[in-house]
Amino acid sequence: MDIQLSIIHLFIVMLGWSCLIGPVDAVMRHISHCRLCHRCHLGAIPPDGSGGLSSDESGSTTASSTTDVVLPSSLHSRLRKNRALTMSTRYNVKVRSSVGAGANARRRKGRGPVYDPELDPTVPIQFKPSSYRPRRQTEMAALPVCDECYGCQHNLTRISESTVFLNNTYTSEMGATSSWIFRTHTNMTPTGEAVVKVYCVPVPKRVGGQPPTCNPLRIAEIMRLLISLDNLSQDCGFTDLIPRMWLAPVLGVMPGVGYPIDWWGLWMEYVEGVSLENFLYRGIPRRLPLETIADMFNNRLNKTRVVRAAIFDLLTSQCDRHAQNLFLQEDGNLKLIDNESCLQHMWRNCGFDSVLVPTTQKQEIVRLANHYVSKLPTLTGQPQIPRFDADPQLLLDYRCYLPEGQEQMGTQYPPQIDKCLRHIASMTPKEVAKVYGFPDVRVAGNLHTRATDMITRGYEWAAKYGHPQNGQAKRYRFQPKCCSLRINRTQFDCGHAWKPSYELPLGNPFNGREWDKDRPDPGTYVGGTFPEDGEVGGSVAEDGAGTQPWP
């Protein structure tokens with residue numbers, strides 16, 4: 001309750017005290033005529049059946065309150081105004097700049113006009129930047145605060161603050177993103193439930209925090225990328241791993257605040273379960289017994305999904321796959337969420353980084369601990385000491401679940417994935433971008449290169465030598481696999497003989513470059529070199545393709 005009140009008070013300061021103490025209309029208004037609305041009724045008419053005070057300029061919505069893909073006429077009108085304002089602003093800036101110094105004008109002479117997706121008639125409305133821009137605060141300041149209003153299509157609620165999982169209560173995480181995430185009803189999923197992520201809401205998620213930054217152009221690019229990943233997951237058969245996603249308008253009020261949300265959002269099917277981070281480390285009021293955790297990883301874990309998740313993360317060059325972005329369900333199934341940090345679209349200096357893929361830093365941190373892998377300084381000046389127990393996440397190693405007797409995946413993929421990889425490899429990057437809808441050819445080229453390496457040279461070769469590639473200091477060697485857990489008093493040990501190396505690659509583990517600290521580098525080998533491949537290394541294709549076919 002304290003957090004909710006603090007957010008509301010901060011929001012009141014943002015909008016101005018003077019407007020909030022004004023009178024409220026007795027006639028119920030349409031949501032588009034309210035600056036804040038404390039209770040918004042679903043539907044195009046007020047609940048009492050009266051005409052209410054409709055939106056004169058916007059018109060009332062013609063869509064059903066349960067339909068997420070139909071654009072309300074009020075929202076459509078506002079988006080047209082947003083785009084007109086955007087174009088007018090750009091024109092005025094251009095006119096002002098055109099009267100500048102002659103030297104600057106000469107430098108610009110001969111250049112073509114800057115591409116503007118708002119002006120491109122081939123760009124669908126869901127990929128227009130203006131679709132993700134809220135109303136201007138100066139316009140909203142002139143509107144009244146409404147006790148009640150009508151015209152909403154979605155009853156937005158906050159994601160539950162707690163989740164019961166295996167009879168234990170977990171406090172839900174807020175997540176690192178500054179965007180707001182709500183739960184609502186939909187007719188787009190079999191369960192009738194969906195999660196919608198809304199960008200640019202001018203309300204901070206944390207007390208004392210800043211409102212999220214708003215870059216509609218960048219948001220529209222990310223939306224195009226995520227829909228492309230959804231298309232890819234359908235083609236390759238990853239839909240049981242990746243929550244389905246779609247783009248649609250959101251028309252509702254922010255719970256506890258009353259701020260009207262009437263722009264587009266990213267919709268996703270609701271995922272049951274808890275994050276792996278929450279399950280392993282943050283259980284409240286108590287962590288589950290070690291026996292329960294061991295049973296989950298030793299017996300319940302969906303081994304097939306672990307293998308396919310490792311394939312997805314390498315194929316799409318995921319760079320942010322850690323325990324918070326892995327959802328675990330009671331039956332042992334995994335779901336992969338927050339997949340946009342991929343194919344070097346957001347982080348161009350990251351090739352891939354996932355707890356599911358060997359050779360990556362995130363998997364090494366699971367094995368050895370962050371302080372050791374990051375080569376952090378100690379108070380005594382002595383070298384860091386790695387962890388010697390076994391983190392349960394070690395069992396997310398796909399090699400544990402390959403067909404019996406097989407140590408490498410090679411080019412033996414599940415049939416639908418195999419077909420998909422061959423399809424991607426057969427196209428040009430430009431064709432890949434067109435088929436899946438990627439925002440640019442460079443991103444599509446990264447997918448094409450990775451798929452080609454995986455299908456022609458094998459999974460392990462692609463992880464060691466393929467592109468996109470990490471810097472040398474962030475390219476780690478394969479380590480012996482740990483495939484079961486054994487309880488040792490208050491911690492876990494590997495359940496079988498396990499002798500991993502504690503060596504690290506030379507160089508700075510943060511930027512992947514040469515060591516630049518004023519203390520000795522604890523690294524001992526050149527990153528990206530693999531003794532098991534001999535001197536030829538990545539110059540030839542590996543011959544370690546699996547011998548057992550997938551069922």
Side-chain angles (χ1 to χ4, degrees), residues 2-22 29-40 55 58 72 74-75 77-86 89 118 128-146 149 151-159 174-184 195-223 247-267:
D2 293 338
I3 294 178
Q4 189 177 24
L5 288 176
S6 298
I7 292 176
I8 294 174
H9 290 164
L10 180 60
F11 192 69
I12 289 173
V13 172
M14 291 166 54
L15 292 182
W17 283 101
S18 59
C19 298
L20 291 181
I21 59 177
R29 287 174 171 260
H30 188 272
I31 180 61
S32 61
H33 275 187
C34 298
R35 177 161 36 90
L36 296 177
C37 178
H38 297 303
R39 183 186 179 192
C40 187
S55 176
S58 301
S74 59
L75 177 58
S77 176
R78 191 181 64 76
L79 291 174
R80 286 202 308 267
K81 292 179 181 179
N82 261 342
R83 283 195 287 278
L85 179 62
T86 300
T89 302
E118 294 292 346
K128 298 279 190 183
S130 58
S131 295
Y132 300 92
R133 183 180 295 115
R135 283 188 284 177
R136 299 173 65 190
Q137 299 305 310
T138 53
E139 295 176 358
M140 294 184 67
L143 300 176
V145 175
C146 304
C149 61
C152 285
Q153 283 194 349
H154 307 109
N155 181 25
L156 303 178
T157 60
R158 294 184 182 177
I159 296 294
M174 293 188 68
T177 177
S178 61
S179 302
W180 283 89
I181 301 177
F182 305 104
R183 187 174 179 177
T184 188
V195 170
V196 59
K197 187 174 185 178
V198 184
Y199 299 79
C200 288
V201 179
V203 180
K205 287 178 66 175
R206 294 170 176 82
V207 176
Q210 295 294 321
T213 58
C214 182
N215 185 344
L217 181 63
R218 181 61 172 163
I219 293 168
E221 290 179 355
I222 295 174
M223 296 304 98
L247 303 176
V250 184
L251 187 54
V253 296
M254 187 173 178
V257 176
Y259 184 84
I261 296 175
D262 58 350
W263 57 97
W264 286 67
L266 173 67
W267 292 73

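This structure is a prediction, so every number in the text was calculated from the model and none was measured. Numbers here simply count residues along the sequence, with the first being 1.
In this structure the side chain of Leu266 reaches within 4.5 angstrom of the side chain of Met223, judged on heavy atoms. Counting heavy atoms from C-beta on, the side chains of Asp262 and Ile31 never come closer than 4.5 Å. Residues His154 and Phe182 fail the side-chain proximity criterion, which asks for heavy atoms closer than 4.5 Å.
Between Val203 and Trp180, the shortest heavy-atom distance links the atoms O-NE1, 2.7 Å. Scanning all heavy atoms of the two residues, the minimum distance from Gln137 to Pro202 falls at NE2-CG, 3.6 Å. Contact record, Arg158 with Pro255: NH2-O, 3.4 Å, taken as the closest heavy-atom pair. Across Asn155 and Thr184, no two heavy atoms sit closer than the pair O-OG1, 3.2 Å. Heavy atoms only, all atoms of each residue included: Tyr132 and Cys214 are closest at O-SG, 4.4 Å. Nearest heavy-atom pair, Lys197 versus Ile181, reported as atom, atom and distance to 0.1 Å: CG-CG1, 4.0 Å.
For the pair Trp267 (side chain) and Val250 (backbone), a donor-acceptor distance under 3.5 Å is absent. Under a 3.5 Å cut-off, the side chain of Arg135 and the backbone N or O of Ser32 do form a donor-acceptor pair. Without hydrogens or angle criteria, Trp263 side chain to Cys200 main chain gives no donor-acceptor distance under 3.5 Å. Side-chain atoms of Arg35 come within 3.5 Å of backbone atoms of Met140 as a donor-acceptor pair (strictly under, hydrogens ignored).
Sulfur atoms SG of Cys37 and Cys149 are positioned under 2.5 Å apart.
Distance check, rounded to the nearest 0.5 Å: OG of Ser179 to CD1 of Ile219 gives 6.5 Å. Note that the CD1 atom of Ile261 and the SG atom of Cys40 stand 11.0 Å from one another [nearest 0.5 Å].
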Apply the test side-chain contact (heavy atoms from CB on, under 4.5 Å) to residues His38 and Val145: give CA-CA distance (whole Å), side-chain angles for both, the deciding distance (0.1 Å), then the verdict.
CA-CA 8 Å; His38 297 303; Val145 175; 3.7 Å; yes
